[in-house]
Number of protein chains: 2
Amino acid sequence: MENVFDILFAHIQKKVSLTVEDQQHIMRFFKPKKLRRRQYALQQGEVCTHISFVAQGLLKSYMLDEKGNEHINLFAWEGWWISDFESFIFGSPAKLDMDAVEDSTLLLLSKDNYDRMLAEVPLMERYFRILYQNSLATKDRRLISANSHTAEEKYALFLEVYPVISQRLPQHLIASYLGLSAETISRIKKKISAQRP
Amino acid sequence: MENVFDILFAHIQKKVSLTVEDQQHIMRFFKPKKLRRRQYALQQGEVCTHISFVAQGLLKSYMLDEKGNEHINLFAWEGWWISDFESFIFGSPAKLDMDAVEDSTLLLLSKDNYDRMLAEVPLMERYFRILYQNSLATKDRRLISANSHTAEEKYALFLEVYPVISQRLPQHLIASYLGLSAETISRIKKKISAQRP
DNA sequence: CGATGGCTTGATGGCCTTCAAATATGGTGG
DNA sequence: CCACCATATTTGAAGGCCATCAAGCCATCG
C-alpha cells in the first residue's frame with residue numbers, strides 16, 4: 001500500500017515546492033483515518049473540528065432540507081479537501097452532512113494544527129491561498145451554470161468536466177449535485193442515447 | 001475626500017494586523033482608478049490583468065449567454081474585490097464582463113504586483129488566504145440556495161443577507177444575480193406587499 | 001433468495017420563463 | 001431646470017421545463 005502522505009505531498013507539490021524538512025514537519029499535523037462506505041464524516045449540528053484531505057476514496061458533503069431531500073454541495077476524491085468551512089473557521093454548528101460514497105482514507109487536520117501549520121510553514125499558507133483561489137474560480141463557473149443552463153446542459157457539462165468521477169457516482173447523486181431530480185437525469189440519458197444510436 | 005487607502009487598510013486590518021511600514025510598502029503596489037457608471041472594467045475576451053479593490057461605488061461581473069442575457073456572477077461594493085479569477089491567474093481570455101453600476105473608485109493590483117506583494121509581505125498572503133476561505137463559505141451557501149430554493153425564497157434570502165446593497169440595485173440586476181427573470185421578481189414583490197398591507 | 005437501493009417510465013401539475021404591451025422612472029442634454 | 005427618451009417595472013396570457021407521485025424493473029449483497 002502506498003503511503004498516504006505520498007499522495008498528500010504529490011498534490012501539494014503541484015502548487016508549492018516543499019523541502020524534505022518541511023514535509024517531515026507537516027506530517028506531524030495530520031492524523032490518518034479510514035471511513036467505510038456510508039459512514040459519516042460529519043453530521044449537521046456538530047462542530048466541524050478539522051478539514052480532511054482525501055488520500056483515497058470518495059466523499060460527499062450535502063445539506064438536508066426540511067423534506068429530507070439531499071442537496072449535494074461537493075464531491076471530494078483523491079487529492080481534494082473536504083469540510084464545512086463555515087463551521088471549521090468560526091466554530092459554529094455545521095449546516096452540512098458529510099459521508100463516504102466509497103471506502104475512504106482521510107488525513108485529518110484539526111483547527112489548532114491548521115493554524116499552527118500555516119504559521120510555522122509559510123509555504124502552506126501559500127498552498128492554501130492558491131488552493132482556495134482556484135476553488136473560487138471553479139465555484140464561479142458552477143454557479144453561473146446552475147443559474148443559466150438547462151438540465152440537459154448541466155448534465156452534459158458535468159460529464160465533460162468530470163468524466164472519470166462521473167463513472168464512480170450513482171446517477172441520483174449527480175442529479176442532487178446538479179439540483180435536478182433523479183428522474184430527470186434518467187430521461188436525459190435516454191434522450192441522449194436515442195440521438196446517437 | 002477620504003483617502004482611498006484608508007478604506008483599503010480598514011478592511012485588511014479586519015483580518016490581519018499591518019504595521020505602518022507594511023502599509024507604506026503595500027500602497028506602492030496599487031494604482032487608483034475611477035470608473036463612471038456603465039463604464040467597463042473588463043470585457044469578455046480580454047485578459048484580466050489585475051484584481052480590483054472597490055474603495056467606493058458598486059460593480060458587477062457577469063456572463064453574457066448566446067441570447068445576450070446577462071447572468072450576474074458577483075456584485076462588488078466598498079471593501080470587496082472583483083476580477084475574473086481564472087483569467088487573472090492563468091492569463092486566459094476572460095469569460096466575464098465587468099462594469100460599474102455606480103460611479104466607482106478602484107485600487108488596481110496587477111498580477112506582477114500581486115505576486116510580488118504576496119512574496120514580500122507574508123501577512124498579505126495570509127490576508128488573501130482568509131479572504132478566499134470566507135468567500136468559499138459564502139459561495140457554498142449561494143450554490144445550495146440556487147439549487148434548492150424557490151424564487152420567492154431566494155429573493156427573501158437576498159434581502160435578508162444584503163439589506164443595504166439591495167437598495168442600491170435595480171430589481172432586474174437582483175433577478176439576474178438570482179437566476180430569475182425580472183418579471184418574476186416583480187410578481188414576487190407584489191405578492192409580498194399584498195401579504196402585509 | 002429475499003430485501004434493499006437504484007434506475008426507468010408514465011401521468012399530472014406547478015413554477016417560472018417568454019412574449020407583448022402599457023406604465024413609471026430617472027438620467028441627460030438643451 | 002425641464003422635457004425628452006431610454007430604461008426599468010408592472011401586468012397579462014400562454015406554454016415549457018422539470019418536479020412529484022406512483023408503479024414496475026433490475027442489480028447487488030448479505
Side-chain angles (χ1 to χ4, degrees), chain A residues 36-39 58 60 62 64-72 75 99-103 144-159 166-195, chain B residues 35-39 57-58 60 62 64-72 75 99-104 144-159 165-195:
Chain A
R36 290 210 188 285
R37 197 172 114 84
R38 293 184 170 271
Q39 200 174 338
L58 177 56
K60 61 179 157 68
Y62 55 96
L64 292 177
D65 66 21
E66 56 283 352
K67 290 182 194 163
N69 292 324
E70 198 175 284
H71 299 279
I72 294 181
F75 296 117
D99 61 29
V101 177
E102 302 173 356
D103 292 353
I144 290 178
S145 173
N147 279 338
S148 62
H149 290 156
T150 65
E152 197 170 337
E153 288 166 341
K154 289 184 209 178
Y155 181 62
L157 192 61
F158 184 85
L159 294 185
S166 65
Q167 308 250 338
R168 287 162 66 179
L169 291 168
Q171 290 183 169
H172 72 280
L173 293 185
I174 297 177
S176 166
Y177 180 85
L178 297 175
L180 302 170
S181 71
E183 293 93 328
T184 295
I185 294 288
S186 175
R187 279 182 256 263
I188 287 172
K189 268 185 61 183
K190 187 185 177 186
K191 188 179 163 194
I192 290 173
S193 68
Q195 282 169 357
Chain B
L35 279 187
R36 291 213 188 283
R37 196 172 113 83
R38 292 181 170 272
Q39 200 174 339
L58 176 56
K60 61 180 157 70
Y62 55 96
L64 291 178
D65 66 20
E66 55 283 352
K67 291 182 194 162
N69 292 325
E70 198 174 284
H71 300 280
I72 294 182
F75 295 117
D99 61 28
V101 176
E102 302 173 357
D103 291 353
S104 302
I144 290 178
S145 172
N147 280 338
S148 63
H149 290 157
T150 65
E152 197 170 337
E153 288 166 340
K154 289 184 210 178
Y155 182 63
L157 192 61
F158 184 85
L159 294 185
I165 291 304
S166 65
Q167 309 250 338
R168 287 162 66 179
L169 291 168
Q171 290 184 169
H172 72 281
L173 293 184
I174 296 177
S176 165
Y177 180 85
L178 297 174
L180 303 169
S181 71
E183 294 93 327
T184 295
I185 294 288
S186 175
R187 279 181 258 264
I188 287 171
K189 268 185 61 184
K190 187 184 176 187
K191 188 179 163 195
I192 290 173
S193 68
Q195 284 169 356

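Naming: A, B, ... by sequence-line order, numbering from 1 per chain.
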**Q** Over all heavy atoms of both residues, which pair between B:Leu58 and B:Ser104 is shortest? Give the atoms and the distance, please.
**A** N-OG, 3.1 Å

**Q** Without decimals, in angstroms, what is the distance between A:Glu152 CD and D:dC17 C1'?
**A** 12 Å

**Q** Any non-hydrogen side-chain atom of B:Gln39 less than 4.5 Å from a side-chain atom of B:Asp99?
**A** no

**Q** Would you tell me if any nitrogen or oxygen in the side chain of A:Lys189 comes within less than 4.0 Å of OP1 or OP2 on C:dC7?
**A** no

**Q** Mark up nucleotides 19-30 of chain C, 5' to 3', with B wherever a protein heavy atom is under 4.0 angstrom from a base atom, S wherever such an atom reaches only the sugar-phosphate, and - elsewhere.
**A** BB------S---

**Q** If every non-hydrogen atom of B:Ile144 is compared with every non-hydrogen atom of B:Ser148, which pair is closest and at what distance?
**A** O-OG, 2.6 Å

**Q** Just how large is the angle between the end axes of the helix from C:dC1-D:dG30 to C:dG30-D:dC1, five pairs per end, to 10 degrees?
**A** 60°

**Q** Rounding to a whole Å, what distance do you find between B:Tyr155:OH and C:dC16:C1'?
**A** 16 Å

**Q** For A:Phe158 and A:Phe75, take the angle between the two ring planes, folded into 0 to 90°, and tell me which bin it lands in: parallel under 30, tilted 30 to 60, perpendicular over 60.
**A** perpendicular

**Q** I need the minimum non-hydrogen distance between B:Leu64 and B:Glu70, along with the two atoms involved.
**A** CD2-CA, 3.9 Å

**Q** With sugar-phosphate meaning primed atoms plus P, OP1 and OP2, does A:Ile185 contact a base, only sugar-phosphate, or nothing at under 4.0 Å between heavy atoms?
**A** nothing

**Q** How many whole angstroms separate atom CD of B:Glu153 from atom C1' of C:dG14?
**A** 15 Å

**Q** Just distance, no hydrogens or angles: give the donor-acceptor pairs under 3.5 Å from side chains in residues 168-175 of chain A, sequence neighbours left out.
**A**
{"from": "A:Arg168", "atom 1": "NE", "to": "A:Glu102", "atom 2": "OE2", "distance (Å)": "2.9"}
{"from": "A:Arg168", "atom 1": "NH1", "to": "A:Glu78", "atom 2": "OE1", "distance (Å)": "3.1"}
{"from": "A:Arg168", "atom 1": "NH2", "to": "A:Gly57", "atom 2": "O", "distance (Å)": "3.2"}
{"from": "A:Arg168", "atom 1": "NH2", "to": "A:Glu78", "atom 2": "OE2", "distance (Å)": "3.1"}
{"from": "A:Arg168", "atom 1": "NH2", "to": "A:Glu102", "atom 2": "OE1", "distance (Å)": "2.9"}
{"from": "A:Gln171", "atom 1": "OE1", "to": "A:Lys189", "atom 2": "NZ", "distance (Å)": "2.3"}

**Q** Shortest non-hydrogen contact from B:Lys60 to B:Ile72?
**A** CD-CD1, 3.7 Å

**Q** Mind listing the closest non-hydrogen atom pair of B:Val101 and B:Arg37 along with its distance?
**A** O-CG, 3.3 Å

**Q** Closest-nucleotide mapping onto DNA chain C: is B:Ile188 or A:Ala182 further toward the 5' terminus? I mean the 5' end.
**A** A:Ala182

**Q** Rounded to whole angstroms, how far apart are NE2 on A:His172 and P on C:dT4?
**A** 17 Å

